[in-house]
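One structure below.
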Amino acid sequence: MDMLDTTSTVAVSLYALLSTAYKSMQAVYSLPTDVSLASQGLAGFDELPSVDVIVPSFNEDPRTLSECLASIAGQEYGGRLQVYLVDDGSENREALRPVHEAFARDPRFNILLLPQNVGKRKAQIAAIRRSAGDMVLNVDSDTILASDVIRKLVPKMQDPAVGAAMGQLTARNRNDSWLTRLIDMEYWLACNEERAAQARFGAVMCCCGPCAIYRRSALASLLDQYESQYFRGKPSDFGEDRHLTILMLKAGFRTEYVPSAIAATVVPNKLGPYLRQQLRWARSTFRDTLLGLRLLPNLNRFLTLDVVGQNLGPLLLALSVLTGLAQLALTGNVPWLPALMIVAMTMIHCSVVALRARQLRFLGFSLHAFISIFLLLPLKAYALCTLSNSDWLARSSAGNSNQHPTTDARTGHATAPRRLNPARDPARRTTSDCMCSDE
C-alpha cells in the first residue's frame, strides 16, 4: 500500500511543480501592456474596413435571438456593416418569423433560411460565401454584444499579420444559479489569464465562437480546410472555433485577444448540459492539440509549457486522485499530503485572482475544484477514449450535419437558401423604420 501513497504523492508533487511554473508565467504574461494597436483606436485606417456579422441560429428562443440582433444593430461603428442571420433549419421557424421579419426591415440585415439543419459550421460557411466584407465577425445567437465591440475589435486587425481576434466573454445569465456564477468566473480566468497570456505572443489558441473577428482574405484561404475537417476518417463538426484558430496559426497569422470588447453569452445553468458541453470541448481540445503540436517549435517556449501544462497537468492530478482514493478504499488511510497540497494550490490561486480582479467572489471559485476533480477529470478521460465520437450531444438534428446546406429536404434537389433581404425584396419592406437599441 506504500506504493499507492508514494504514487499519489509523487503525482500531485509533479502536478504542483508543473502548474506553479506555467500558472506563474501565465499570470505575468497576462498583465496588460501599454503597447497595443487596439489602444490607438480606428485612426490607423485610411478607410474603415467593412464588417460582415455572421449569426448562425438553430431552434433559438425568439426573445434571445431578438436581443442578440438588437445588440448588433446598435453597434457604434462608422464603417459599413452587414449582418447575415442564418436560420439552420430551425424547427421553431414559425415562432421566429416575427423576429426575422422585424430585422429584415433593416437594409443591413440579410436573413438566410436553410431548408434543413446542416450544423453550425456549414451554416457559417453558407453566409461567409455570400458576403464580401473586409472582416467577418462570428457571433452566437444567444450572445449580446456591448455597443462598442466592433469598434474595439477592428483596430487589432490593422496589422495585416493578424488573422483573428476575440473579445472577452461573460455569462449573460450569471445570476441564474451557483453553476452559472462559477462558469462566469471560469470564463474570466480563461479570457484574462489564459488568452491574455497567449496573446502576448500573438497565438491565442482558441478564438471563442460567441465573439471572434476574422480577416476575410485569411479566412477565404482556409475555408475549404475549415469545412472539411476529419478525424480518423470521420467528419468532425464541433469545436469549429478552436479548429479555425489552429488553421489560422498554421497559415502563419497571428491571433489576438481584446479584453475591452465584451460579449455576454448564455451558459448552461444545470450540470447535465454543462457536462455535455464540456465533453464536446474536451474532444475538440484533444483533437486540435494533436494538430497544434506541430506549431509549437515555431512559437514562444511559454506556449509549449502552456500546452503541456493544460494537457499533462490534469493527467497527473487524475493519477494522484485515483491512487489516493484507492489508498483510502483499501486501507482506510486518508492521503492527507496530496489532499492538503491540492487545497493549498486551489486557495492560493483563487486568492491571487481575487486580488488581481479586485473581486472577492473569486474566493468562491475554489468550489469549482470539486467539479474539476470529481466530474471534469473523469469526463476528460472519457473524451480521450472516445475521440472518434462526433455526436453534438445538444442538437436534435445533428444527424443532418453532413448534408449540403443547399439541398431541399422535400425534393432532394439542389436549391439556394431562402433569403429575406428587403434591399432586394420590396414586398418585405414596411414604411416604418426599424428602431433597435443596444441592450
| task | Kindly give the heavy-atom pair with the smallest separation between Ser71 and Leu145, and that separation in Å. | result | OG-N, 3.1 Å
| task | Could you go through the side chain to side chain contact (heavy atoms under 4.5 Å, CB included) check for Lys120 and Asp140 one step at a time? | result | CA-CA 10 Å; Lys120 179 179 177 181; Asp140 282 354; 2.7 Å; yes
| query | Hey, does the side chain of Ser284 reach the backbone of Arg280 with a donor-acceptor pair shorter than 3.5 angstrom? | reply | no
| query | So do the side chains of Tyr257 and Asn192 get within less than 4.5 Å of each other, counting heavy atoms only? | reply | yes
| query | Mind checking whether Asp184 and Val267 have side chains closer than 4.5 Å, heavy atoms only? | reply | no
| Hey, are the side chains of Thr304 and Leu299 touching, using non-hydrogen atoms and a 4.5 Å cut-off? | no
| said: Determine whether Glu60 and Ser141 satisfy the following criterion, side chain to side chain donor-acceptor pair (under 3.5 Å), listing intermediate values before the conclusion. | reply: CA-CA 7 Å; Glu60 190 60 83; Ser141 59; 2.7 Å; yes
| query | Any side-chain heavy atom of Val53 sitting closer than 4.5 Å to one from Ile150? | reply | yes
| query | Are the charged groups of Arg195 and Glu256 less than 4.0 angstrom apart, N to O? | reply | no
| message | Can you tell whether the side chains of Arg215 and Asp134 come within less than 4.0 Å, N to carboxylate O? | response | no
| query | Going by atom types only, do Glu76 and Ser147 share a side-chain donor-acceptor pair under 3.5 Å? | reply | yes
| remark: Output for pair (Met25 CE, Thr20 OG1), nearest 0.5 Å, gives 13.0 Å
| task | Given side chain to side chain contact (heavy atoms under 4.5 Å, CB included), test Thr170 with Trp188 step by step and report yes or no. | result | CA-CA 7 Å; Thr170 64; Trp188 192 96; over 6 Å; no
| Under 3.5 Å, is there a donor-acceptor pair between the side chain of Arg216 and the main chain of Gly133? | yes
| query | If you round to the nearest 0.5 Å, how far is SG of Cys68 from CZ of Phe103? | reply | 8.5 Å
| Can you tell me if Ser90 uses its side chain to pair, donor with acceptor, with the backbone of Asn92 under 3.5 Å? | no
| Sub-3.5 Å donor-acceptor pair from the side chain of Arg121 to the main-chain atoms of Tyr226, do we have one? | yes
| task | Would you indicate whether the side-chain heavy atoms of Leu375 and Leu271 approach each other to under 4.5 Å? | result | yes
| query | Just how far is it from atom CE of Met185 to atom CG of Leu363, taken to the nearest 0.5 Å? | reply | 9.5 Å
| Just by distance, do the side chain of Thr9 and the backbone of Asp5 share a donor-acceptor pair under 3.5 Å? | yes
| How many angstroms lie between CZ in Phe302 and CD in Gln198, if you round to the nearest 0.5 Å? | 6.5 Å
| message | Could you check whether any side-chain N or O of Thr143 sits under 3.5 Å from a backbone N or O of Val139, counting only pairs where one atom can act as donor and the other as acceptor? | response | no
| field | Interatomic distance, Arg283 atom CZ to Asp288 atom CG [nearest 0.5 angstrom] | value | 14.0 Å
| said: Let me confirm one number: the CG-OH distance from Leu223 to Tyr214, rounded to the nearest 0.5 Å. | reply: 11.5 Å
| query | Among Val308, Leu312, Asp306, whose side-chain contact (heavy atoms from CB on, under 4.5 Å) with Gln310 holds? | reply | Asp306
| Is a salt bridge present between Arg93 and Asp87, judged by a nitrogen-to-oxygen distance below 4.0 Å? | yes
| field | Lys/Arg N to Asp/Glu carboxylate O, Asp88 vs Lys122, below 4.0 Å | value | no
| Between Ser320 and Val12, what is the shortest heavy-atom contact and its length? | OG-CB, 3.3 Å
| query | Taking everything shown except Arg301 itself, do over 12 heavy atoms lie less than 6.0 Å from its CZ? | reply | no
| Less than 6.0 Å separating the ring centroids of Tyr84 and Phe109? | no
| Is it true that Arg129 and Asp224 make a salt bridge, defined as a side-chain N closer than 4.0 Å to a carboxylate O? | yes
| message | Using a 3.5 Å distance criterion without hydrogens, assess whether the side chain of Thr180 forms a donor-acceptor pair with backbone atoms of Asn173. | response | yes
| task | Evaluate side chain to side chain contact (heavy atoms under 4.5 Å, CB included) for Leu137 paired with Ile54, printing each intermediate quantity in order. | result | CA-CA 6 Å; Leu137 175 65; Ile54 310 296; over 6 Å; no
| message | How close do Asn269 and Leu179 get, counting heavy atoms only, and between which atoms? | response | C-CD2, 3.9 Å
| said: For a 4.5 angstrom cut-off between non-hydrogen side-chain atoms, does Val86 reach Ile111? | reply: no
| request: Check whether any side-chain heavy atom of Arg151 sits under 4.5 Å from a side-chain heavy atom of Gln75, and report yes or no. | output: no
| Ignoring hydrogens and geometry, is there a side-chain-to-backbone donor-acceptor pair from Asp241 to Cys208 under 3.5 Å? | no
| query | Between the side chain of Asp61 and the main-chain N/O of Thr64, is any donor-acceptor distance below 3.5 Å? | reply | yes
| request: Could you tell me whether Asp176 and Arg181 make a salt bridge, using a distance below 4.0 angstrom between a side-chain N and a carboxylate O? | output: no
| task | Apply the test side chain to side chain contact (heavy atoms under 4.5 Å, CB included) to residues Arg97 and Glu94: give CA-CA distance (whole Å), side-chain angles for both, the deciding distance (0.1 Å), then the verdict. | result | CA-CA 5 Å; Arg97 184 178 298 277; Glu94 284 304 312; 3.0 Å; yes
| said: Using every non-hydrogen atom in the two residues, find where Cys207 and Thr245 come nearest and quote the distance to one decimal. | reply: N-OG1, 2.9 Å
| said: With a 3.5 Å distance limit and no angle check, can you tell me whether Gln82 reaches the backbone of Asp52 through a side-chain donor-acceptor pair? | reply: no
| query | Where do Cys206 and Met166 come nearest, in terms of heavy atoms and distance? | reply | O-SD, 3.5 Å
| said: Between Thr265 and Asp142, is there a side-chain donor-acceptor contact under 3.5 Å, judged purely by atom types and distance? | reply: yes
| request: Please report the shortest heavy-atom distance between Arg200 and Tyr29, naming the atom on each side. | output: NH2-O, 3.1 Å
| query | Does the side chain of Lys23 reach to within under 4.5 Å of the side chain of Glu193, using non-hydrogen atoms? | reply | yes
